[in-house]
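These numbers come from the heavy atoms of this one structure, side chains and all, not from hydrogens, waters or symmetry mates. Naming convention: chains lettered A, B, ... in sequence-line order (proteins, then strands); numbering from 1 in each chain.
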2 protein chains.
Amino acid sequence: MTRCQRTHSRCAVATKESLIRSATELFAHHGLDGVSVESIAQKAGVNKALINYHFGGKERLYTEILRTTLAEARRRVDELRDSSRSPEDVLRDFVAAFHNLATVARPHFPALLLREVLTGGRRFDEEIVPHILGLFEGVAGVIERGVREGVFRPVHPFLAHLGIIGSLVFFYATEPRRRRIASELKLPVVMPTANDFVAHIQEVILYGIAAGPRRTENTQKES
Amino acid sequence: MTRCQRTHSRCAVATKESLIRSATELFAHHGLDGVSVESIAQKAGVNKALINYHFGGKERLYTEILRTTLAEARRRVDELRDSSRSPEDVLRDFVAAFHNLATVARPHFPALLLREVLTGGRRFDEEIVPHILGLFEGVAGVIERGVREGVFRPVHPFLAHLGIIGSLVFFYATEPRRRRIASELKLPVVMPTANDFVAHIQEVILYGIAAGPRRTENTQKES
DNA sequence: GTCTATAGGCTGATAGAC
DNA sequence: GTCTATCAGCCTATAGAC
């Protein structure tokens with residue numbers, strides 16, 4: 001219970017932050033429709049009327065969370081994309097940055113983004129769209145550069161972007177649930193850590209799109 | 001409006017199928033909590049009381065849809081996994097089968113599975129768990145075999161499974177929405193088709209985990 | 001089997017006291 | 001800024017007519 005020094009009452013900013021923190025976790029877990037304002041307020045330890053006072057309603061709170069979370073993700077991609085390093089290294093950096101974002105800085109970013117896209121992205125307004133574009137341009141851009149410089153095979157940048165982002169978003173969005181589900185289902189496997197996954201996916205992606213001679217025959221779609 | 005030959009009234013089976021079809025699409029798009037029984041009934045063209053009569057409530061209808069959808073996916077994986085073909089070919093077949101399932105037979109399978117895992121898989125009961133296990137064992141099993149036979153690098157089967165399934169589930173679960181969103185956002189890219197994606201992902205996966213000499217240096221996590 | 005009518009609970013939002 | 005009290009609307013489920 002953070003208290004202001006002068007008023008001896010709970011700071012407004014502390015209330016807002018508490019609400020945002022609680023709502024972020026609940027929205028990521030249950031979706032906008034699966035969360036009641038009552039449950040958000042209870043988890044935050046404040047009155048539910050304050051959601052309307054500070055944010056103007058449940059939906060506006062959701063949109064604000066989506067916007068700030070995507071802004072943070074975009075900021076990190078922008079920091080990396082114009083690097084002078086090799087395309088391989090930049091791609092590795094993207095994966096490492098995603099890992100850090102999804103495990104430390106914004107652990108609910110993957111689930112929030114995924115849920116929003118699943119439902120049709122109806123909240124992708126003028127404030128959010130640039131962030132989505134930034135993410136896309138970052139990954140697809142470095143792949144395009146790698147293809148141009150001849151270090152990557154001529155893969156389609158957008159498809160490669162989707163494959164990479166798909167793996168990452170799926171893994172981190174489902175990671176906390178999967179651990180519990182896997183143990184309940186008695187999955188016959190030792191659960192690797194998220195760190196193991198980062199190393200694996202960096203390796204597989206780079207082996208997968210790197211230029212150079214291969215012993216594998218051409219790929220085919222059907223048997 | 002399918003009618004029975006003798007009763008001259010709408011067949012019960014037609015009603016059930018119509019409800020299942022409508023509910024499947026709505027659940028995949030909006031999630032269990034985002035769909036009202038009223039909207040399901042309206043889309044199906046029947047009365048909402050019939051949802052309780054035929055299925056025993058909205059949640060039971062949802063569980064039934066989840067179960068039959070996962071059963072179908074599992075059935076297809078089981079058909080392929082014990083093939084005598086090479087691990088590379090079986091993996092290609094898995095991807096092709098997923099594509100067929102996600103575009104023709106059960107277009108809502110990826111979104112339904114994804115949403116359920118995101119929310120914690122609370123409906124993974126004794127009837128559903130074997131299907132989940134079947135999917136996992138199919139993909140991880142063929143990778144294990146490939147590693148054992150020396151045609152794949154010694155990747156972790158479970159991590160490889162997650163990376164592959166993640167790409168596929170993400171792509172197909174978001175495909176219909178992404179097309180609309182991309183055009184609204186004026187994404188500076190020609191949208192490739194799902195067929196293009198299949199070819200791309202088969203290629204990248206096999207290049208990514210195939211054994212054999214590589215020109216790429218060792219993978220590292222941080223810059 | 002299907003429909004109408006309705007019960008009963010929960011939800012999001014707000015007015016007003018402090 | 002925060003809380004209590006409350007309302008109107010929507011929700012799921014069901015009883016009962018046909």
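A:L19 places its CG atom 13 Å from the P atom of C:dA13, with the value rounded to the nearest Å. A:Y62 has its OH atom 19 Å from the C1' atom of C:dT11, to the nearest Å. Distance A:N47 CG to C:dT14 P: 14 Å, rounded to the nearest Å.
Between A:T15 and D:dT2 there is a side-chain N or O to OP1 or OP2 distance below 4.0 Å.
Interface residues of residues 31-39 of chain B facing DNA chain D, ordered by number: B:V35, B:S36, B:V37; criterion, heavy-atom separation under 4.0 Å. Using a 4.0 Å cut-off on heavy atoms, the residues of residues 48-61 of chain A that approach DNA chain D are A:A49, A:L50, A:Y53, A:H54, listed by number.
If you check the side chains of A:R177 and A:H29, you find a donor sitting under 3.5 Å from an acceptor. Checked by atom type, the side-chain pair A:T193/A:R179 shows no donor-acceptor distance below 3.5 Å.
Counting only residues at least two apart or on different chains, the side chain to side chain donor-acceptor pair (under 3.5 Å) pairs with a member in residues 50-59 of chain A are A:E59-A:R123.
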Pair A:R60, A:E64 - check salt bridge (Lys or Arg N to Asp or Glu O under 4.0 Å), show working. CA-CA 6 Å; A:R60 290 183 128 94; A:E64 174 156 336; over 6 Å; no
Test salt bridge (Lys or Arg N to Asp or Glu O under 4.0 Å) on B:R76 and B:E72; report intermediate values, then the result.
CA-CA 6 Å; B:R76 300 207 176 198; B:E72 168 84 7; 3.0 Å; yes
Salt bridge (Lys or Arg N to Asp or Glu O under 4.0 Å) for B:R75 and B:E79? Distances and angles first, verdict last.
CA-CA 6 Å; B:R75 197 180 56 73; B:E79 278 176 11; 2.7 Å; yes
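In this structure, the side chain of A:S183 engages the main chain of A:R180 through a donor-acceptor pair within 3.5 Å.
Summarising the geometry of B:P110 relative to B:P107, their closest heavy-atom pair is CD-O, 3.9 Å, with the distance given to 0.1 Å.
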